[in-house]
Protein chains: 2
Amino acid sequence: MVSPSEPGAEAEAAVSTVEPGLERILTTAIDLFGRQGVKATSVRAIAEQAGVSPPLVIHHYGSKERLREACDERVLAFIRESKAETMRAGLGGPPIQVDTRVDEARPALRYLARTLSEGSPRLDEFVDDLVEDAIGYTAQGVDSGLVRPSQNPRARVIILTLWSLGALVLHEHMYRLLGEDLIGEGGTDLYTQTMLELFSEGFLTERAQQAFTFSTDTDDTSQESA
Amino acid sequence: MVSPSEPGAEAEAAVSTVEPGLERILTTAIDLFGRQGVKATSVRAIAEQAGVSPPLVIHHYGSKERLREACDERVLAFIRESKAETMRAGLGGPPIQVDTRVDEARPALRYLARTLSEGSPRLDEFVDDLVEDAIGYTAQGVDSGLVRPSQNPRARVIILTLWSLGALVLHEHMYRLLGEDLIGEGGTDLYTQTMLELFSEGFLTERAQQAFTFSTDTDDTSQESA
DNA sequence: TGCCATGCTGAACACATGGTCAGCCCTTCC
DNA sequence: GGAAGGGCTGACCATGTGTTCAGCATGGCA
């Protein structure tokens, strides 16, 4: 990804030297891993930006892989805590709820986005938890009359969750095309409004439902993917 | 990503030695770049799997970067051609339409999924084209009464497109959680059916719309992202 | 003051990476 | 038969990478 695809692309690059090296390294790693990916980010690059020597990175974290694990833990903990604080009861809010005005939010979300696509040992469990949470509050939403019942409640939650996470992964495309930054603080009014429209009024008319149902039954020439 | 997250994870690993090195290298590169990412895949790894020497890779393609460009072109061309063949008129079908029973489909889709998140020079243009296509046939759908009109037609298309692509990017999570493989030939009936339900009947009730509209107006403590 | 713990670094190591180079082998054409 | 072209490779090069190692500086405590 080219950095200018995001607004304020360099805003987080400066790391205060007042903080101990241990923390500076972690913060820098989250930033760079999130921007470039783990493999494309060298220990030397992290050290340089953090204002320390490369052996100090290894000294504090043991290895690059262990540093990456520490980043996972930090980011996932941050996101979990943020969600607990801003949880919306009963409405089945987005799976990720972070106050994007907090300094730490952007690099953490960017890191999550990158990690969602690159894979990471802890991530499956994290996504599983998001889905289980959403199953819980979506069921409450159905009970309280805010959410429509579904023939496949679990599948529905999984799909909605992965759509949402997928949008986060593609946040730079979203910014480019829609002008809204899913990991920043500019607001996502258009995204939210349009999503609400889709979820309230639907997308397909009844005519389309019938036409498509018939088409699905007879059209076996291709398996559509995405 | 751990390979076993996908069904038939090794199915495409064997490359026929009957084909010229030029083609074998390209096919192998698409496979490995899609599985591991470009940076994490060495020229030597590609050469070994293709059954050639590393200098031959460079001989034919000039550099690793040029090889990656050739992969982009091949995959995007394949997907464009597939879509042209299977285009569904008027219904606003998925942005990516590939016959997943074709041998080439899986590695191509996997490559696309990886490229969507890692970034690639040609990709923005490809996504733009998908969006423009979808704007066209969604408008036709509205005219023919198959698609509901929207207050933000363009935003709607962008979001639907990015959701769909995002689901592709997270295809391994989708397989793990829903049991359906968006890049394979096992079919995506549950995904399709549930998506249709969401798009036909919506998700939020009218009660929720009112409650959420009110909540959005007054709740300014956090910017929700995804 | 001396010792210990902590934070830190320059130099070096072993290995990996993309790429260069000289040259071999095979096929085709004159 | 000889030359040209294409496909191909072993050896090597320059550079980058994660990590080890020996040792310095500082602060706290007895």
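Below, chains carry the letters A, B, ... as their sequence lines are ordered, and counting in each starts from 1. Scope of the values below: all heavy atoms of this structure, side chains included, with no hydrogens, waters or symmetry mates. Since the structure is predicted, the reported quantities are computational estimates derived from the model, not experimental observations.
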Close N/O contacts between protein and nucleotides 22-28 of chain C (under 3.5 Å):
none

Residues in side-chain hydrogen bond (donor to acceptor under 3.5 Å, both in side chains) contact with [X], at least two apart in sequence or another chain:
X	result
B:N152	none
B:R44	none
A:T41	A:Q36
A:R68	none

Rounded to whole angstroms, how far apart are [atom1] on [X] and [atom2] on [N]?
X	N	atom1	atom2	answer
A:Y61	C:dT6	OH	P	16 Å
B:E48	D:dG10	CD	P	12 Å
A:L56	D:dA25	CG	P	17 Å
A:L26	C:dG7	CG	P	15 Å
B:L22	D:dG6	CG	P	13 Å

Can you sort out the partners of B:F199 under ring pair (Phe, Tyr, Trp, His ring centres under 6.0 Å), two or more places apart, ordered by chain and number? A:W163, A:F203

Once side chain to side chain contact (heavy atoms under 4.5 Å, CB included) is applied, do any residues pair with A:E48, and if so which ones, sequence neighbours excluded?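 So A:E48 forms no side chain to side chain contact (heavy atoms under 4.5 Å, CB included) with any residue.
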
One character per nucleotide, please: for nucleotides 11-21 of chain D, 5' to 3', B when the base has a protein heavy atom closer than 4.0 Å, S when only the sugar-phosphate does, - otherwise. B-----BBBBB

What contact category does B:V57 fall into here, base, sugar-phosphate, or nothing, at under 4.0 angstrom with non-hydrogen atoms? nothing

Would B:E23 and B:R74 pass as an ion pair if we require N to O under 4.0 Å? yes

Going by the salt bridge (Lys or Arg N to Asp or Glu O under 4.0 Å) test, which pairs reach into residues 154-170 of chain A, not counting sequence neighbours?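 For residues 154-170 of chain A, and leaving out neighbouring residues, the salt bridge (Lys or Arg N to Asp or Glu O under 4.0 Å) pairs sorted by first residue read A:E132-A:R154.
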
